[in-house]
Each structure stands twice: as structure tokens, then as C-alpha cells.
Amino acid sequence: MREYNDIMIALDFPGAEEALGFLDNLDTGDDKPFVKIGMELFYSEGPDIVREVKKRGYSVFLDLKLHDIPNTVGNAMKVLAGFGVDMVNVHAAGGIKMMEAAVRGLEEGWKASGRSGKRPYIIAVTQLTSTDQETMNKEILIPGRVESAVAEYARNAKAAGLDGVVCSPLEAQMIHGVAGADFLTVTPGIRLPGDSKGDQKRVTTPEDARNYGSDYMVIGRSITKADDPSEAYRRCR
Ligand code: C5P
């Protein structure tokens, strides 16, 4: 079910100057990687940064992880659909009704914007890759194993009509098992061998992520903070 380049570079930069400067200096050969715009960049630059990145020919995953009451999330999705992004997301912790409202909002917004073709992908965050077993049990107060919570959230996301989930590469295989081979697994928590984990906990190398069946790898600091980002991109590839 992969229709795009399967590496997504997380553009976690404070502003447009840094983000666009990074892209302008990045040599990815004939590849046009997917680019992930998250909260930091979006909150500082707004929709203009999405338009600028799209203008440069990149596919955009707008990673704003919506989580609110169904009505609010549905209406917000209508707005995001109008930006012409390729992928959006919500937190599965918001529940099935919230996720259904998100899909409806996205579809309505997509139609209203006059765009043709299929609406953007919509996926759900299961458990953040910075969350480990102890944090999930003792602070988020979900009992049991992380893998079980991730599997249950993936089933809910599928039931609500979403296209896939964000998960650790370590869980990609299991998710394809419970939700089907076509259900997308988008996996942050990727590190080149030898790189620091930072705040991430459930991490693998790009090679292992591929072997576990990850559909899209979200890679931030291993590329953006490398001495030579173009070379790091080639190593990931
Ligand atoms: O720098 P690094 O490769 O750790 O970046 C991972 C990116 O993926 C960040 O932008 C982070 O917000 C995002 N992400 C994540 N875990 C999730 C969902 C998104 O790390 N479950």
C-alpha cells in the first residue's frame, strides 16, 4: 500500500528559514522524500509553511496529533483538508467516535476544497514511541503491556475507518497481523546505528524497521542533526 517514498523526514525546526534552508541544502538524488511538519514548525509558521514545502514538490504529513471532543476534531480536520496535505493524524486515545468524526471532517473538507482524487491518509497515534511500559502503566494509567494497548488502538482506528497508525517499528508486524497488510504502519523511533536515542525509547535502525514491515519510516534527528544530512539520508535509504 506504499504510494510515496517510504522515508519521511521530520522537519522539526523552529521556523521556515531553518526548515526551508535545510531542504534546499539536502541532496536526495532522484528521491523526493515525504516531509513531516509537526507542531513546532506549524505553530510558528502556520499554513504558509505547508504551501511552501508542497510548492517544492514534497508530499506532506501534517503531524498535529489532534485529540479533543469529536465535534472539534471533525471541524479542525475540515480545515486541515483544505491545505492539500497528503497525511494527517489524531490520537487513538480520543476514542472511536472522535476518530470517525475526524474521517468525516477530512472527507467533507477535501470535497469542499474542490480537490480531486482520494482524500489524504488519516492515521492514529497509538502509544508515543517515547512512552515505555512503566510510563504507560504508572502515569497514563493503562494497565497491561504496551503491545496490547497498541494492538487495541489499531483495531479501534481501523473500525473508525482510518488508514493506519503511528507506532514503533517493533510493533509494525504485529499491527499488520491484527489490522491487515494494507493497514499503514508509520514508524518514528528510527536511529542509524551509533546515533543517540534522545528521548525515544522503542527504537530500531532503518534496516530493522524495514524487516519488521514498517510502511513509512519517520526519521528526524538521525538526518536533521547529522553533520552531513544528505549522507545520513543515503545511509537510511
Ligand atoms: O528526531 P526523531 O527521529 O526522534 O523524530 C521523530 C519524530 O516523530 C518527531 O517529529 C516526533 O514528534 C514524531 N513522533 C514520534 N512518536 C510518535 C509520533 C510522532 O516520535 N508516536
Side-chain angles (χ1 to χ4, degrees), residues 6-15 18-19 22-23 26 33-45 49-50 53 58-67 85 87-94 99 121-133 135-136 139-140 142 146-147 149-154 156-157 162-172 174-175 184-210 212 214-227 229 232-233 235-237:
D6 59 358
I7 291 184
M8 292 180 167
I9 300 180
L11 278 189
D12 292 326
F13 291 102
E18 295 86 345
F22 169 82
L23 286 180
L26 184 69
F34 222 114
V35 156
K36 184 174 84 66
I37 295 178
M39 296 180 196
E40 182 185 11
L41 189 53
F42 188 78
Y43 291 158
S44 81
E45 300 294 341
I49 187 67
V50 175
V53 171
Y58 294 93
S59 304
V60 172
F61 169 20
L62 188 56
D63 177 21
L64 299 181
K65 300 187 179 70
L66 306 195
H67 186 177
V85 294
M87 185 180 278
V88 293
N89 63 352
V90 295
H91 267 286
M99 290 192 275
Y121 283 131
I122 172 165
I123 60 173
V125 177
T126 52
Q127 286 296 328
L128 295 171
T129 39
S130 55
T131 301
D132 60 12
Q133 184 72 45
T135 309
M136 191 186 88
E139 296 173 25
I140 310 176
I142 297 175
V146 171
E147 292 71 27
V150 168
E152 212 45 56
Y153 278 179
N156 290 351
L162 274 70
D163 303 298
V165 288
V166 187
C167 61
S168 160
L170 298 166
E171 294 141 4
M174 176 272 288
I175 284 171
L184 297 178
T185 53
V186 177
T187 66
I190 306 279
R191 289 291 180 270
L192 283 167
D195 281 358
S196 150
K197 274 196 199 176
D199 53 350
Q200 298 282 20
K201 302 267 170 59
R202 302 176 352 256
V203 302
T204 73
T205 62
E207 186 179 13
D208 286 344
R210 162 55 54 80
Y212 287 128
S214 160
D215 292 300
Y216 292 98
M217 298 176 209
V218 175
I219 310 179
R221 286 162 288 185
S222 268
I223 294 177
T224 55
K225 297 276 188 271
D227 291 338
Y233 177 82
R235 280 179 70 206
C236 290
R237 171 73 39 248

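Note that ligands are numbered from 1 as they come in the structure, with each ligand's atoms numbered from 1 the same way.
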Worksheet item: Run the side-chain contact (heavy atoms from CB on, under 4.5 Å) check on K65 and V166 step by step: do they pass?
Response: CA-CA 10 Å; K65 300 187 179 70; V166 187; over 6 Å; no
Are there any protein N or O atoms under 3.5 Å from the N or O atoms of ligand 1? List them with distances, or say none.
unit_1   : atom_1 : unit_2 : atom_2 : d
ligand 1 : 1 (O)  : R221   : N      : 2.7
ligand 1 : 1 (O)  : R221   : NE     : 2.7
ligand 1 : 3 (O)  : R191   : NH1    : 3.0
ligand 1 : 3 (O)  : G220   : N      : 2.8
ligand 1 : 4 (O)  : R191   : NH1    : 3.3
ligand 1 : 4 (O)  : R191   : NH2    : 2.9
ligand 1 : 4 (O)  : Q200   : NE2    : 3.0
ligand 1 : 4 (O)  : R221   : NH2    : 2.8
ligand 1 : 10 (O) : D12    : OD1    : 3.3
ligand 1 : 10 (O) : D12    : OD2    : 2.7
ligand 1 : 10 (O) : K36    : NZ     : 2.7
ligand 1 : 16 (N) : T129   : OG1    : 2.8
ligand 1 : 20 (O) : T129   : OG1    : 3.3
ligand 1 : 20 (O) : Q200   : NE2    : 2.8
ligand 1 : 21 (N) : T129   : N      : 3.4

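Residues Y212 and T185 have side chains not in contact (no heavy-atom distance under 4.5 Å, counting atoms from C-beta outward).
Residue E207 holds its CD atom at 9.5 Å from CE of M217, rounded to the nearest 0.5 Å. In this structure, CD1 in I175 is found 10.0 Å from CD in E147, a value given to the nearest 0.5 Å.
Taking the six-membered ring where tryptophan is involved, the planes of F34 and Y216 are perpendicular, since the angle between them exceeds 60° and thus also 30°.
Using a cutoff of 4.0 Å between basic side-chain nitrogens and carboxylate oxygens, R210 and D6 are scored as salt-bridged.
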